[in-house]
Amino acid sequence: MQKIYGSAAEALDGLLFDGMTIAAGGFGLCGIPELLIAAIRDAGTKDLTVASNNAGVDGFGLGQLLETRQVKKMISSYVGENAEFMRQYLSGELELEFNPQGTLAERMRAGGAGIPGFYTKTGVGTVIAEGKEHKDFNGQTYILETGLVMDLAIVKAWKADETGNLVFRKTSRNFNPPAATCGKVCVVEVEEIVPAGSLDPDHIHLPGIYVHRLIQGQHEKRIEQRTTRKRQEA
Amino acid sequence: MASEIKGWDRNQMAARAALELEDGMYVNLGIGIPTLVANYVGDKDITLQSENGMLGMGPFPYEGEEDPDLINAGKQTITELPRTAYFDSATSFAMIRGGKIAAAILGGMEVSEEGDLANWMVPGKLVKGMGGAMDLVAGVGRVIVVMDHTSKHGDSKVLKACTLPLTGKGVVDRIITNLGVLDVVPGGLKIVECADGVTEADLRAATEATIVG
């Protein structure tokens, strides 16, 4: 059970093909698999369908794959921070499927948990509900949403042990666990790989069963909106 | 005419919205004026949820203490508190959809007399996405919308029916605007109070929606 690879390119070797579907963890630029995204850019894989809450910013994160026109379609809840995204979308070069944020997270979770569809009240009475099955439960109307199963999941965690048990840090956990579970193959980048036995088994956030390949690397961890308060306010 | 009536400013609207919160509540605050509500909760024991995966959101960090792994739903750097818990996005929206969050205070573009809310999309303009707004209005216990009562052109944003694409249908419980507070009730909206210097006649004149009672 050797899961550790030497680089992002090696970890993705044999997994990439044109037209594939990818689930990516991260919220904004927080907890994004920046090394794996860069390696997919370098590999030049085309016509990607990417499920990710956001689409990165110009030149960083998934914005890199948009610049190189490798993405055919995004499934996202919010894409406001990326001018190149908007240009491609408005010119019809890029498909976009808006999912409410909770629906996107649950689609990943459900897909990974073997649940092909679920009913939710999110989006009832809005454009999101158009064309979807409606059903009443206990006097309330719900719509049917489908689980997502993707060819590949790319995920960022804080620490892993050698067997792929993962620990995330603060709000960088976000979409990473549900994205990990919905990939047929899941590749994870971490800041540190530690020996098996050195993470407390009670403190594992995502068990290694979901993790197929693992790399350790240096992360830029760019901040999108730096907001602070002055010390004298304390 | 109506343009001369100012009523509450942004901070006064936020302060009024803070009165909606009670001790022990778990609350989600939207971007804009709703974010300011946190400044007016006083001694009340309120736990703020950030839908990217956090309960117990603290204030902005001091300069030099920003952590790229610790942001709010607006992607701003923030801090944690002794009560803070982190979780993934699926868990975050499970607690939202499951009705565990007592209230959400959100911004709005239009609200209808039936409690419909539009706040995510203007056709023909740049569409950024709904983020978590549709899940929040569908799931939380109480939805309070804080917004200006009229547009810059003086048109009412409190309408018989929304003209913009909806975020949720029949989801709003209370509207707090610069002119006052209105509740969504059967048959229309009910005036709860008027802002400082605003008369009930002013509020009615600035409202397209049906006002009952």
Side-chain angles (χ1 to χ4, degrees), chain A residues 25 27-31 53-54 76-81 86 89-90 96 98-106 108-110 120-128 158 168-179 181 205-206 219-231 233-234, chain B residues 50-54 57 59-80 84 86-99 114 116-118 120-121 126-139 165-171:
Chain A
F27 182 94
L29 299 180
C30 182
N53 188 57
N54 312 96
S76 302
S77 87
Y78 191 85
V79 295
E81 321 303 337
M86 279 302 163
Y89 173 60
L90 293 172
L96 171 60
F98 273 130
N99 282 190
Q101 194 173 138
T103 296
L104 179 58
E106 188 63 13
M108 291 180 182
R109 196 204 65 81
T120 177
K121 55 188 166 179
T122 299
V124 171
T126 76
V127 292
I128 293 301
W158 181 38
F168 299 89
R169 187 171 176 275
K170 303 186 188 288
T171 57
S172 70
R173 193 180 322 181
N174 57 58
F175 273 82
N176 282 295
T181 65
H205 294 137
L206 191 75
H219 289 83
E220 179 182 338
K221 298 212 276 188
R222 201 180 284 187
I223 291 177
E224 202 164 332
Q225 304 272 353
R226 190 179 297 274
T227 46
T228 56
R229 61 187 152 136
K230 293 266 185 274
R231 284 203 182 265
E233 287 176 25
Chain B
S50 190
E51 66 264 26
N52 54 318
M54 180 183 200
M57 179 167 62
F60 294 140
Y62 294 122
E63 281 176 42
E65 294 182 1
E66 309 91 321
D67 184 339
D69 289 336
L70 183 44
I71 63 169
N72 64 18
K75 283 109 182 177
Q76 297 170 309
T77 46
I78 46 159
T79 56
E80 63 187 20
T84 296
Y86 298 111
F87 34 84
D88 67 62
S89 299
T91 306
S92 180
F93 283 93
M95 67 183 72
I96 288 169
R97 232 185 279 103
E114 296 190 330
D116 300 348
L117 171 66
W120 77 282
M121 178 181 176
L126 207 59
V127 182
K128 294 183 170 187
M130 72 290 286
M134 285 190 181
D135 309 275
L136 281 161
V137 299
L166 297 184
T167 308
K169 198 163 176 54
V171 293

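All chains are named by letter (A, B, ...) in the order of the sequence lines, taking the proteins before the strands, and each is independently numbered beginning at 1. Everything numeric in this text was worked out from a predicted model, so none of it was measured.
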Between chain B and each of [options], count heavy-atom pairs under 4.5 Å; write down the option with the most.
options: A/Thr122, A/Thr227, A/Thr228; result: A/Thr227
options: A/Gly25, A/Ser77, A/Pro178; result: A/Ser77
options: A/Gly123, A/Cys30, A/Gly28; result: A/Cys30
options: A/Gly102, A/Ser76, A/Gly31; result: A/Gly102

Could you tell me whether the side chain of A/Thr171 and the main chain of B/Asp69 form a donor-acceptor pair under 3.5 Å?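 Yes; judged by distance alone, with no hydrogens or angles, the pair exists.
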Under a 3.5 Å distance rule, please check whether B/Ser92 uses its side chain to pair with a backbone N or O of B/Glu51 as donor and acceptor.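 Indeed, once roles are kept as given, a pair shorter than 3.5 Å links the two residues.
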[X], part contacting chain A, at a heavy-atom distance under 4.5 Å:
X: B/Ile96; result: neither
X: B/Asp116; result: neither
X: B/Ser50; result: neither
X: B/Glu65; result: side chain

What distance separates [X] [atom1] from [Y] [atom2], expressed to the nearest 0.5 Å?
X: B/Met134; Y: A/Asn99; atom1: CE; atom2: CG; result: 10.5 Å
X: A/Tyr78; Y: A/Gln101; atom1: OH; atom2: CD; result: 11.0 Å
X: B/Trp120; Y: B/Met130; atom1: CH2; atom2: CE; result: 4.0 Å
X: A/Lys170; Y: B/Thr79; atom1: NZ; atom2: OG1; result: 9.5 Å
X: B/Met95; Y: B/Asp135; atom1: CE; atom2: CG; result: 13.0 Å

Selection from [options] maximising heavy-atom pairs under 4.5 Å formed with chain A:
options: B/Val127, B/Leu166, B/Leu136, B/Asn52; value: B/Asn52
options: B/Gly53, B/Gly139, B/Ala118, B/Ala73; value: B/Ala73
options: B/Glu63, B/Lys75, B/Lys169; value: B/Lys75

Which heavy-atom pair separates B/Ala138 from A/Lys121 by the least distance, and what is that distance?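 Closest heavy-atom pair between B/Ala138 and A/Lys121: O-CE, 3.2 Å.
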Per-residue contact mode, [X] against chain B (heavy atom under 4.5 angstrom):
X: A/Leu90; result: side chain
X: A/Ile128; result: side chain
X: A/Asn176; result: neither
X: A/Val79; result: both

Counting only heavy atoms not in A/Glu224, do more than 12 fall under 6.0 Å of its CD?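 Yes, enclosed.
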Stepwise salt bridge (charged side-chain N to carboxylate O under 4.0 Å, His left out) test for A/Arg109 and B/Asp88: CA-CA 10 Å; A/Arg109 196 204 65 81; B/Asp88 67 62; over 6 Å; no
